[in-house]
Amino acid sequence: QYLERHVSSDCPLSTVNCDFHFAGCGRQLSRKDLPSHLSESVVHHLSLLAVHNQKRIDNLEHETRTLKETLVRKDEKIAELERKLAPSFPISFTMANFSDHKRDRTTWYSPSFYTHP
């Protein structure tokens, strides 16, 4: 167990990927040589990061456009359904003893009802 941990995280002779492997640096080197590689390759790593981040930005912009288009279609569908469900005649109800309710500051509720097309 100690040996596994030593080789995987401490051993200066173990071969490791560059810290910028995720951005495209394909360099594999011994752990002890990593600091000098990092300091010598700053410009290269910055250019890799610029390309990597631009790809991420492009992907996010594409995803944002797709989501906006989906949202517009959903909004249109909601509006269409609301038009279909909207009554084609005015709805009104009468209230008995209106002035009494108003004077008493009563909270008003209409009776429950169901509609269908």
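Residues passing the ring pair (Phe, Tyr, Trp, His ring centres under 6.0 Å) test with His44, sequence neighbours excluded: none. Listed by chain and number, the residues in a ring pair (Phe, Tyr, Trp, His ring centres under 6.0 Å) with His37 are His45 (sequence neighbours excluded). With sequence neighbours left out, the side-chain contact (heavy atoms from CB on, under 4.5 Å) criterion links Leu13 to Cys11, Lys32.
Separation of atoms OG1 (Thr70) and CZ (Arg65) is listed at 12.5 Å; rounding is to 0.5 Å.
Screening residues 13-25 for side chain to side chain donor-acceptor pair (under 3.5 Å), with sequence neighbours left out, gives Asn17-Gln28. Judged as a salt bridge (Lys or Arg N to Asp or Glu O under 4.0 Å), the pairs with a partner in residues 66-81 (not counting sequence neighbours) are, in order, Glu80-Lys84.
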In sequence, state the C-alpha distance, the side-chain angles, and the governing distance for Leu38 and Cys18, and then conclude on side chain to side chain contact (heavy atoms under 4.5 Å, CB included). CA-CA 8 Å; Leu38 293 174; Cys18 171; 4.1 Å; yes

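The minimum heavy-atom distance linking Ser30 with Pro12 is given by the pair CB-O, 3.7 Å.
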Could you list the donor-acceptor pairs under 3.5 angstrom formed by side chains in residues 48-58, with sequence neighbours left out?
unit_1, atom_1, unit_2, atom_2, d
Asn53, ND2, Leu49, O, 3.4
Gln54, NE2, Asp58, OD1, 2.9

